[in-house]
Number of protein chains: 2
Amino acid sequence: MGITIKDVAKAANVAPSTVSRVIADHPRISLDTKKRVRKAMKELGYHPNVNARSLANRSTQALGIVMKSSADKALQNPFFPEVLRGISAVAHELDYSLYISTGETEEEVYEGVQRMVYGNRVDGIILLYSRVDDNVINFLLEKDFPFVLVGKPCEHIDRITHVDNDNVNASIDITNELINQGHERIAFIGGDTDLVVTQDRMRGYEMALEKAGLPVREDYQIHKEFLKSGGREAVHQLFQLEEPPTGLVIVDDLMSIGVVTMLEENGISVPDDVSIVSFNNLYISEITRPSLTTVDIQIYNLGNQAAKCLIEKVNNQDEPAKRIIVPYELVRRQSSQHVSLNGASTS
Amino acid sequence: MGITIKDVAKAANVAPSTVSRVIADHPRISLDTKKRVRKAMKELGYHPNVNARSLANRSTQALGIVMKSSADKALQNPFFPEVLRGISAVAHELDYSLYISTGETEEEVYEGVQRMVYGNRVDGIILLYSRVDDNVINFLLEKDFPFVLVGKPCEHIDRITHVDNDNVNASIDITNELINQGHERIAFIGGDTDLVVTQDRMRGYEMALEKAGLPVREDYQIHKEFLKSGGREAVHQLFQLEEPPTGLVIVDDLMSIGVVTMLEENGISVPDDVSIVSFNNLYISEITRPSLTTVDIQIYNLGNQAAKCLIEKVNNQDEPAKRIIVPYELVRRQSSQHVSLNGASTS
DNA sequence: GTGAAAGCGCTAACAC
DNA sequence: GTGTTAGCGCTTTCAC
């Protein structure tokens, strides 16, 4: 069942090892035999068995992709297909396959990673999230298993190759966008505070405010997982304050859309009453109304770079830990405007 | 490098074959040795090498997932993470791993599938799309390789196990929703006409109109990939007609959002001037404004069923071809309303 | 109930 | 340049 290397060898009148060498395009095989062998492979319809190869080789030509637990379906989802595209492009080019592991809980995710590593299923792993105190990272470090992180590690930062944006500066810039438009009361809406990306973006926000001499107010920060029921309330409260914000920095475009809706339910209009800026530049950010002023973090590129780094690392165990910063870009759209225009629609 | 079955055997004072039998939980191994072996495995930190097992076994405990080419990033994306969740849940439960293959072009996708099959990487494949004249399906059929289709095959329908919604009836129902609200001029906006799902939904739309004695007008159908530049124009034209539609059936929620934006750019408001209904009930459909009246097709469930069917088929090559229809549900939200309310906002 | 040995399909010394 | 051979780690007859 299935053509093996032996069949090809026989047909081409060479030894199996020669066929193997032809497959690997070994330099010191004569062009003539190469041709003959290749012809035989074609004719017989030969395809190598990757398992056998992996066994002999201790290399799988496969990369593992690990997402964070998909329990909170909302937030990171649109991110995933795009980063996958980026990874897939280089994987395909370099003839790597992709394994994927996810799970509803952290525990499931961890188990998945163990399976990949212990089972010799993959040569390396791309982690698509970074959270404090993550046992997956500790496990991989301990096993000295090649991996790359998309995002910023919160520990061992110089031991972990990672691909990230400069989220702090991105956040400073996007917050300044509001400040430059004259906003002085700017609130921050974030997600899971365990995620490093949330932390960085919040820090940038605070730094920008401080630099501009604006107060950093605690009642201007929301961190509930507010795409669920709690969030609606939290946003409502924010605008019940004596001095409600006129600008909002939101950690993700998808959240922004939810917030816009909540606001409009309360008769608050974007950008006429409040300006919104956010992050990620998802596809949807352009086609929603208002279109979103956001930071394009180049998701595809993040995936692309991560895959490249990982493959380098796989091919050379001694490759030093790297840090790749993918540039970001501000995208100005309709959701933010100069504070002096506030109330435009009601006037 | 790595604990093998032999190490365990030595430690437990048995033969390697016995260890193997313990792993497989073979019945005629004494409980005593089982315990002893298991203890040794624990102590040594043994983990089976899946490649070796696959080689000996001709089974990989892995499923392949094939998406359609990701070139058109817009349409099917939000679908993917959700269906993956569904697949992943059962894969995890039954100890299967997931292998994923995508590509920018059809050709790349096809190559990926070949790699999975020929390389013995997976035991079976889940196809996440159905399009006419697809060489991937033909390839799998020809090789008699286990696979399951999410969607409806356009050929060999009784030979292919597939998991689908009843898209024709779903479309009839959602179109009737508009008809029952008094709409008589109802247009259809679809995507790629090669996709079976587009065809089914269009047919349902037409059948509903006919049943209601409403004309099926050709100038009421748009099929450009209109999330790109062409679409804006097409929608514009639609509302330049002498009798512009008052209702729109749109093949996907994400498209709906784009259309709402285009309409509002032209001063046409949803649902006050035109009602919109669509399909899929993506997460975003609920938080956008207006929230979308749509058909919940239970994406998670589609994935779940597909994975189950595939594993059955893998375990029993003679499993007959099945057809699983996942029920759908109408979700009424703000984007559609009775035609008599039209113009409400301008009055 | 358990062991010995062959073999899954391939690669990688080591020969010549 | 190419053939021979010994594994990679596991499963699976076939003995006993």
Side-chain angles (χ1 to χ4, degrees), chain A residues 1-38 40-41 44-62 95 97 115 117-123 315, chain B residues 1-38 40-41 44-62 95 97 115-123:
Chain A
M1 199 217 197
I3 308 296
T4 79
I5 212 170
K6 279 185 188 169
D7 301 321
V8 177
K10 214 165 286 173
N13 241 304
V14 293
S17 53
T18 302
V19 177
S20 174
R21 283 188 265 254
V22 173
I23 293 172
D25 207 15
H26 198 100
R28 47 177 182 264
I29 293 282
S30 75
L31 197 63
D32 182 56
T33 32
K34 272 192 189 171
K35 274 185 183 158
R36 213 168 62 246
V37 171
R38 291 209 175 105
M41 297 200 303
L44 296 176
Y46 168 77
H47 290 271
N49 180 322
V50 286
N51 296 307
R53 172 180 286 187
S54 297
L55 228 207
N57 238 355
R58 317 198 112 304
S59 124
T60 61
Q61 288 286 315
D95 269 322
S97 298
R115 276 227 306 236
V117 174
Y118 284 133
N120 287 99
R121 277 173 213 269
V122 298
D123 293 337
N315 289 331
Chain B
M1 202 217 199
I3 308 297
T4 80
I5 213 171
K6 279 186 190 169
D7 301 322
V8 177
K10 214 165 284 173
N13 241 305
V14 293
S17 51
T18 302
V19 178
S20 174
R21 284 189 264 255
V22 172
I23 293 172
D25 207 16
H26 197 101
R28 49 177 180 262
I29 294 282
S30 76
L31 197 64
D32 183 55
T33 33
K34 272 192 191 175
K35 273 186 183 156
R36 215 169 61 246
V37 170
R38 292 212 174 103
M41 297 200 302
L44 296 177
Y46 169 76
H47 291 271
N49 180 322
V50 285
N51 296 307
R53 171 179 288 187
S54 298
L55 227 206
N57 239 355
R58 318 199 113 301
S59 124
T60 61
Q61 288 284 315
D95 269 322
S97 297
R115 278 226 305 235
M116 286 185 175
V117 174
Y118 284 133
N120 286 99
R121 279 172 211 267
V122 298
D123 293 338

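Proteins get letters first, then strands, A, B, ... in listed order; numbering begins at 1 in each. Being a predicted model, the structure only gives us computed values, none of them experimental.
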Trainee: When we call it a touch if two heavy atoms are under 4.0 Å apart, what does A/Thr33 touch: a base, just sugar-phosphate, or nothing?
Mentor: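 Touches sugar-phosphate only.
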Trainee: Among C/dG1, D/dC10, D/dG9, which nucleotide has an atom closest to any side-chain atom of B/Tyr46?
Mentor: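 Nearest to the side chain of B/Tyr46 among the choices is D/dC10.
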Trainee: Among all residues two or more places apart in sequence or in another chain, which pass the salt bridge (Lys or Arg N to Asp or Glu O under 4.0 Å) test with A/Arg21?
Mentor: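 Not a single residue meets the salt bridge (Lys or Arg N to Asp or Glu O under 4.0 Å) criterion with A/Arg21.
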Trainee: Contact between B/Ser20 and B/Ile5 at the side-chain level, heavy atoms closer than 4.5 Å - yes or no?
Mentor: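 Sidechains of B/Ile5 and B/Ser20: in contact.
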Trainee: In whole angstrom, what separates B/Arg58's CZ from D/dT12's P?
Mentor: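 Going from CZ in B/Arg58 over to P in D/dT12 covers 12 Å.
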Trainee: Calculate the interatomic distance between A/Ile23 atom CD1 and C/dT11 atom C1'; express it in whole Å.
Mentor: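 About 10 Å, once rounded to whole Å.
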Trainee: Tell me, please, which residues at least two apart from B/Lys34 pass salt bridge (Lys or Arg N to Asp or Glu O under 4.0 Å).
Mentor: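 B/Lys34 satisfies salt bridge (Lys or Arg N to Asp or Glu O under 4.0 Å) with B/Asp25 only.
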Trainee: Which nucleotide sits closest to the side chain of A/Arg53: C/dT11, D/dG9, D/dT4?
Mentor: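 When the side chain of A/Arg53 is considered, C/dT11 is the closest of C/dT11, D/dG9, D/dT4.
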Trainee: Can you list everything that forms a ring pair (Phe, Tyr, Trp, His ring centres under 6.0 Å) with A/Tyr118? Sequence neighbours excluded, please.
Mentor: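 A/Phe139, B/His47.
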Trainee: Please report, rounded to the nearest Å, how far the C1' atom of D/dT11 is from the CD1 atom of B/Ile5.
Mentor: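 Distance check: B/Ile5 CD1 to D/dT11 C1' gives 8 Å.
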Trainee: Note the angle between the end axes of the helix from C/dG1-D/dC16 to C/dC16-D/dG1, five pairs defining each, rounded to 10 degrees.
Mentor: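 Rounded to the nearest 10 degrees, the bend comes out at 40°.
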Trainee: Between B/Asn49, B/Val50, B/Asn51, which is the residue that forms a side chain to side chain contact (heavy atoms under 4.5 Å, CB included) with A/Arg121?
Mentor: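 The side chain to side chain contact (heavy atoms under 4.5 Å, CB included) with A/Arg121 is passed solely by B/Val50 among B/Asn49, B/Val50, B/Asn51.
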Trainee: Using side-chain heavy atoms (C-beta onward) and a distance below 4.5 Å, is A/Arg36 in contact with A/Val22?
Mentor: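 A/Arg36 vs A/Val22: side chains apart.
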Trainee: Among all residues two or more places apart in sequence or in another chain, which pass the salt bridge (Lys or Arg N to Asp or Glu O under 4.0 Å) test with A/Lys35?
Mentor: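 Counting only residues at least two positions away or on another chain, A/Lys35 forms no salt bridge (Lys or Arg N to Asp or Glu O under 4.0 Å).
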Trainee: With a 4.0 Å cut-off on heavy atoms, is A/Val50 in touch with a base, just the backbone sugar-phosphate, or nothing at all?
Mentor: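 Nothing, no nucleic acid heavy atom in range.
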Trainee: What's B/Val14 touching, base or sugar-phosphate or nothing? Going by heavy atoms closer than 4.0 Å.
Mentor: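 Contact class for B/Val14: sugar-phosphate only.
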Trainee: Could you tell me the separation between the CD atom of B/Gln61 and the CZ atom of A/Arg115, rounded to the nearest 0.5 Å?
Mentor: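 It is 8.0 Å, given to the nearest 0.5 Å.
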Trainee: Starting from P on D/dT12, measure out to NE2 on B/His26 and report it in whole angstrom.
Mentor: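 It is 10 Å, rounded to the nearest whole Å.
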Trainee: Rounded to the Å, how far apart are A/Asn49 CG and C/dT11 P?
Mentor: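 Result: 10 Å.
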Trainee: Under 4.0 Å between any heavy atoms, over every strand shown, what does B/Asn13 touch: base, sugar-phosphate, or nothing? Just pick one.
Mentor: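 Sugar-phosphate, backbone atoms only, no base.
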Trainee: Within this structure, what is the NE2-CD1 distance for the pair B/His26 and B/Ile23, rounded to the nearest 0.5 Å?
Mentor: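 Rounded to the nearest 0.5 Å, the NE2-CD1 separation comes to 13.5 Å.
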Trainee: Can you measure B/Asn51 atom CG to C/dC10 atom P for me and round it to whole angstrom units?
Mentor: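 It is 14 Å, rounded to the nearest whole Å.
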Trainee: Just the rounded figure in Å: distance from P of C/dG1 to NZ of B/Lys35.
Mentor: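 Between P of C/dG1 and NZ of B/Lys35: 16 Å.
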Trainee: Mind calculating the distance between NZ (A/Lys6) and C1' (D/dT5) to the nearest angstrom?
Mentor: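 Nearest whole value for this atom pair: 12 Å.
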Trainee: Between A/Thr18 and A/Ile29, is there a side-chain heavy-atom distance shorter than 4.5 Å?
Mentor: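 Heavy-atom side-chain distance check passes, below 4.5 Å.
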Trainee: Could you run down the sub-3.5 Å N/O contacts of the protein with nucleotides 12-16 of chain C?
Mentor:
| from | atom 1 | to | atom 2 | distance (Å) |
| --- | --- | --- | --- | --- |
| C/dA12 | OP1 | A/Asn57 | OD1 | 3.2 |

Trainee: Taking the nucleotide of DNA chain C with the nearest heavy atom to each, does B/Ala15 or B/Ala52 sit closer to the 5' end?
Mentor: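 On the 5' side of the pair lies B/Ala15.
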